Amino acid sequence: MNFSGMLKEDTLKNKTILITGGGTGLGKSMGKYFVELGANLIITSRRQEVLNKTATELGGNILPLAGDVRDHKDVQRILDASLEKFGTIDGLLNNAAGNFISPTERLSPKAFDVVVDIVLKGTYNYSLLLGKYWIENKQPGVMLNIVTTYAWTGSSFVAPSAAAKGGVLALTRSLAAEWVKYGIRCNAIAPGPFPTKGAWDRLFPKPISTFFNFEKSLPMKRYGNHQELANLAAYMLSDYSAYMNGEVVTLDGGEWIHNAGEFNKLEKIPKKAWAIIERAVRGKKK
Ligand code: HXC
Ligand code: NAP
């Protein structure tokens, strides 16, 4: 395994990338690598102090700006301030999310709203307002949306997140088709489990993690490493991926396929038993 950066060091030189949810978790790890590759960053989320701390930690040319992705006025303000500082924005990473584990019947309408609004409305607010700017200014741009594999499988206990991520995936493909004529590309990554405090506190809290060993249940018996995701995201936001549009790339160590295949559970059958099974199957022919 190689958990180091894989792209040439000037891959994102002179590129300005805006990352929603860029102060923590995966947004922070991806941002760290983009800075190493020469990018200017705008990082945004609701907590200014968290953003400031991350900007100081990462170094480089970073503008930390607090705002709520659900509020289109905040989004416009952040875009205006970013354009004033950097003159341009080349890439958008829609990464902010809200999520928590819960049986759906326990949710209030407001609890459903909060997740769908952060994930879906947040993504379309940034995509729409920055997309309009790119189109009006005849400027090419690239968008990268972070979804999950349950955007297409669905999942128990995270129904609002699944519904919203499914919407983001449909938006990704819709804009990829509609805005390619303006030189705008739109792709997505569907990560499997990559440990972050934000996700683990809300999805795998103590009572749940004591019931089963999630990491060992994965086909590769390990979680993703943040640099593995950062490598892919940097590629998908760079000019190296110029011919990729409307794509969703899964990075989950084969997790969802492993859980989906009709006969995959037969892995549990001991190797020795296959001789008996084969005899039984062949026997049916007579
Ligand atoms: C039931 C809950 C709840 C819970 C909140 N609510 N938590 N209901 N179970 N555990 C309800 C509240 O009671 C309220 O409804 C409504 O949701 C809004 O709650 P607030 O606390 O007022 O919302 P807010 O302060 O805006 O916080 C938003 C949040 C929070 C989504 C609830 O968790 C947050 O800030 N999350 C941001 C970061 C995050 O979620 N990161 C994880 C992403 S991981 P009522 O009706 O009572 O007023 C991810 C990974 C996917 O997406 C794949 C992993 C493999
Ligand atoms: P995280 O650290 O909690 O990231 C979520 C970020 O979104 C936080 O920085 C949060 O900051 C920001 N945010 C939330 N609500 C916001 C709002 N209304 N306005 C602006 N920013 C807001 O969790 P993560 O694991 O890194 O998740 C990052 C992305 O990866 C998400 O899209 C998630 O769905 C996806 N993902 C994660 C995993 C995983 O295993 N970790 C797997 C699949 C997909 P504030 O709270 O300060 O606003």
Side-chain angles (χ1 to χ4, degrees), residues 18-32 42-54 64-75 78 93-123 125-126 144-151 153-155 157-166 168-169 188-205 207-208 214-215 217-218 222-226 228-230 232-233 248-253 255-256 259:
L18 189 151
I19 308 178
T20 68
T24 65
L26 301 182
K28 178 179 173 181
S29 296
M30 290 186 275
K32 178 175 181 288
I42 303 106
I43 54 173
T44 179
S45 69
R46 292 166 296 181
R47 291 170 296 164
Q48 186 68 55
E49 68 285 3
V50 172
L51 297 168
N52 291 345
K53 196 162 165 274
T54 296
L65 287 177
D68 193 320
V69 293
R70 294 169 287 188
D71 181 345
H72 63 84
K73 290 197 191 96
D74 272 16
V75 173
I78 286 167
L93 177 54
N94 281 308
N95 163 81
N99 201 359
F100 50 80
I101 202 87
S102 176
T104 305
E105 66 276 16
R106 292 176 63 89
L107 299 177
S108 67
K110 200 175 153 202
F112 218 109
D113 280 349
V114 77
V115 172
V116 172
D117 285 354
I118 297 170
V119 174
L120 181 55
K121 191 187 252 193
T123 302
N125 275 343
Y126 269 98
L144 180 60
N145 299 330
I146 304 299
V147 295
T148 67
T149 56
Y150 61 61
T153 64
S155 175
F157 308 116
V158 283
S161 174
K165 294 287 192 184
V168 171
L169 184 54
I189 298 176
F194 286 71
T196 64
K197 183 166 168 37
W200 260 236
D201 282 358
R202 294 170 175 90
L203 297 167
F204 308 110
I208 289 185
F214 185 34
E215 187 167 24
S217 77
L218 298 169
R222 73 165 176 95
Y223 295 129
N225 179 283
H226 286 207
E228 294 178 290
L229 178 66
L232 177 62
V248 55
V249 180
T250 300
L251 192 70
D252 73 340
E255 184 196 18
W256 88 266
N259 291 336

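Predicted, not measured: the structure shown is a model, and the values here were computed from it. Both counts, for ligands and for their atoms, begin at 1 and track the order of listing.
For atom 28 (C) of ligand 1, the choice among Asp201, Asp252, Leu203, Val114 with the nearest heavy atom turns out to be Val114. Of the listed residues (Asn99, Thr24, Leu26), the one carrying the non-hydrogen atom nearest atom 52 (O) of ligand 1 is Asn99. Nearest residue to atom 6 (N) of ligand 1 from Trp200, Phe100, Tyr223 is Phe100 (criterion: closest heavy atom).
Within the 4.5 Å cutoff, side-chain heavy atoms of Leu26 are placed close to those of His226. Contact check for Tyr223 versus Phe214: side-chain heavy atoms found under the 4.5 Å cut-off. Using a 4.5 Å cut-off on side-chain heavy atoms (C-beta onward), Asn145 and Tyr126 make no contact. At a threshold of 4.5 Å between non-hydrogen side-chain atoms, the residues Leu232 and Val249 count as touching. No side-chain heavy atom of Asn99 sits under 4.5 Å from any side-chain heavy atom of Arg202. Two residues are said to be in side-chain contact when any heavy atoms from C-beta on lie closer than 4.5 Å; Arg70 and Ile118 meet this criterion. No side-chain heavy atom of Pro195 sits under 4.5 Å from any side-chain heavy atom of Phe204. Between Arg47 and Lys53 the shortest side-chain heavy-atom distance does not fall below 4.5 Å.
Each of Ile42, Thr24, Ile43, Leu65 was scored for a side chain to side chain contact (heavy atoms under 4.5 Å, CB included) with Leu51, with one residue passing: Ile43. If you run salt bridge (Lys or Arg N to Asp or Glu O under 4.0 Å) between Arg222 and each of Glu255, Glu215, Glu228, only Glu228 comes through. For the pairing with Leu144, the side chain to side chain contact (heavy atoms under 4.5 Å, CB included) check across Asn94, Leu93, Asn95 returns one residue only, Leu93.
What you find for Tyr150 and Ser161 is that their closest heavy atoms are OH-OG, 2.7 Å. In terms of heavy-atom proximity, Gly23 sits nearest to Val50 at O-CG1, 3.8 Å.
Residue contact check for ligand 1: Tyr150 places a non-hydrogen atom closer than 4.0 Å to it. By the 4.0 Å heavy-atom criterion, Arg202 is counted among the residues contacting ligand 1.
The nearest protein heavy atom to atom 35 (O) of ligand 1 is closer than 4.0 Å. Within a 4.0 Å radius of atom 20 (P) of ligand 1, the protein has no heavy atom. Within the 4.0 angstrom cut-off, atom 14 (C) of ligand 1 has no protein heavy-atom neighbours. Within the 4.0 Å cut-off (strictly below), a protein heavy atom is located near atom 42 (C) of ligand 1.
Between Ser161 and ligand 1, no N or O atom pair is found at a separation short of 3.5 Å.
By the criterion of a heavy-atom distance under 4.0 Å, the side chain of Ser108, and not its backbone, is placed next to ligand 1. For Arg46, every heavy-atom contact with ligand 1 shorter than 4.0 Å involves the side chain, none the backbone.
Of all protein heavy atoms, the one closest to atom 44 (S) of ligand 1 is Ala199 CB, 3.6 Å. Scanning the protein for heavy atoms near atom 22 (O) of ligand 1, the closest one is Lys110 NZ, 4.5 Å. The nearest heavy-atom contact from the protein to atom 38 (C) of ligand 1 is Ala97 O, 3.3 Å. At the shortest separation from atom 12 (C) of ligand 1 among protein heavy atoms lies Ala111 CB, 4.8 Å. For atom 55 (C) of ligand 1, the nearest protein heavy atom (residue, atom name, distance) is Pro193 CA, 4.4 Å.
Checked by atom type and distance alone, the side chain of Lys165 pairs as donor or acceptor with a backbone atom of Ile146 at under 3.5 Å.
Protein residues are said to neighbour a ligand when one of their heavy atoms lies under 4.0 Å from it; for ligand 2 these are Gly21, Thr24, Gly25, Leu26, Ser45, Arg46, Arg47, Gly67, Asp68, Val69, Arg70, Asn95, Ala96, Ala97, Ile118, Ile146, Val147, Thr148, Lys165, Pro191, Gly192, Pro193, Phe194, Thr196, Gly198, Ala199, Trp200.
Each of the following atoms of ligand 1 lies closer than 4.0 Å to a heavy atom of Thr148: 51 (C), 53 (C).
Distance OG1/Thr148 to CG/Leu169: 9.0 Å, rounded to 0.5 Å.
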